[in-house]
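See structure below.
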Amino acid sequence: MSEHVARSLLHTALDEYRRRAYADLVGGIGRPDVRTARGADGREYEIEIEAMWDDRPGGVLRVLGAIDDGSFRAFLPLSEEFLLSPEGRIVGEK
């Protein structure tokens with residue numbers, strides 16, 4: 001698995017979620033989004049993105065994304081996350 005290619009695909013998928021409204025993400029809690037994408041290296045990658053409460057319902061959301069290519073890396077996928085406040089602000093990013 002090319003970490004550079006995988007990270008690029010994951011960033012693209014998570015950017016979609018960064019642009020979504022808090023209420024939209026809350027509606028998706030418990031329903032992970034699993035999709036496949038073909039990377040620039042020609043390999044097929046599986047991306048899973050899931051929103052969950054970070055601490056308590058109604059508070060900050062944690063949006064976690066993970067990616068792998070189905071190889072041994074599936075046991076330890078590359079992952080990234082961000083936090084979204086109820087006001088719609090990304091927490092901890094500049």
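Source: prediction; values computed, not measured.
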- Message: Is there a path of hydrophobic side-chain contacts, each under 4.5 Å between heavy atoms, that joins Ile90 and Ile49?
- Response: yes

- Item | Val34 with Leu25, same ILVMFWY side-chain cluster at under 4.5 Å |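 No, no single cluster joins them.
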
- Message: Listing request: all salt bridge (Lys or Arg N to Asp or Glu O under 4.0 Å) pairs with a residue in residues 17-30, at least two apart in sequence or in separate chains.
- Response: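 Sorted pair list: Asp15-Arg18, Arg18-Glu93, Arg20-Asp24.
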
Extract all donor-acceptor atom pairs below 3.5 Å that involve side chains of residues 53-60 and protein atoms in other chains or at least two apart in sequence.
{"from": "Asp54", "atom 1": "OD1", "to": "Arg62", "atom 2": "NE", "distance (Å)": "2.9"}
{"from": "Asp54", "atom 1": "OD1", "to": "Arg62", "atom 2": "NH2", "distance (Å)": "2.4"}

Just jot down the salt bridge (Lys or Arg N to Asp or Glu O under 4.0 Å) partners of [X], sequence neighbours excluded, or say none.
X	answer
Arg7	Glu3, Glu80
Asp41	none
Glu46	none

Return the [atom1] to [atom2] distance between [X] and [Y], rounded to the nearest 0.5 Å.
X	Y	atom1	atom2	value
Glu81	Tyr17	CD	OH	15.0 Å
Ile47	Leu10	CD1	CG	6.5 Å
Glu44	Asp68	CD	CG	11.0 Å
Tyr22	Leu84	OH	CG	7.5 Å
Ile67	Leu9	CD1	CG	4.5 Å

- Message: How close do Val5 and Gly39 get, counting heavy atoms only, and between which atoms?
- Response: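 Scanning both residues, the minimum pair turns out to be CG1-CA, 3.7 Å.
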
- For Met52, which fellow cluster members are found when Ile, Leu, Val, Met, Phe, Trp and Tyr are connected by side-chain heavy-atom distances below 4.5 angstrom, either directly or through intermediates?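 Its cluster partners, ordered by chain and number, are Leu64.
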
- Query: Within a reach of under 6.0 Å around NE2 of His11, are more than 12 heavy atoms found that belong to other residues, nucleotides or ligands?
  - Reply: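 Yes, enclosed.
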
- Side-chain heavy atoms of Leu61 within contact of Leu83, under 4.5 Å: no

- Within-4.5 Å side-chain heavy-atom neighbours: Tyr45 and Pro77: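 A side-chain contact under 4.5 Å is absent here.
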
- Taken in chain and number order and not counting sequence neighbours, the residues that satisfy side-chain hydrogen bond (donor to acceptor under 3.5 Å, both in side chains) with Ser85 are Glu87

- Quick one: list whatever passes side-chain hydrogen bond (donor to acceptor under 3.5 Å, both in side chains) with Arg35, sequence neighbours left out.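 Scan of Arg35 (side-chain hydrogen bond (donor to acceptor under 3.5 Å, both in side chains), adjacent residues dropped) gives Glu16, Asp33.
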
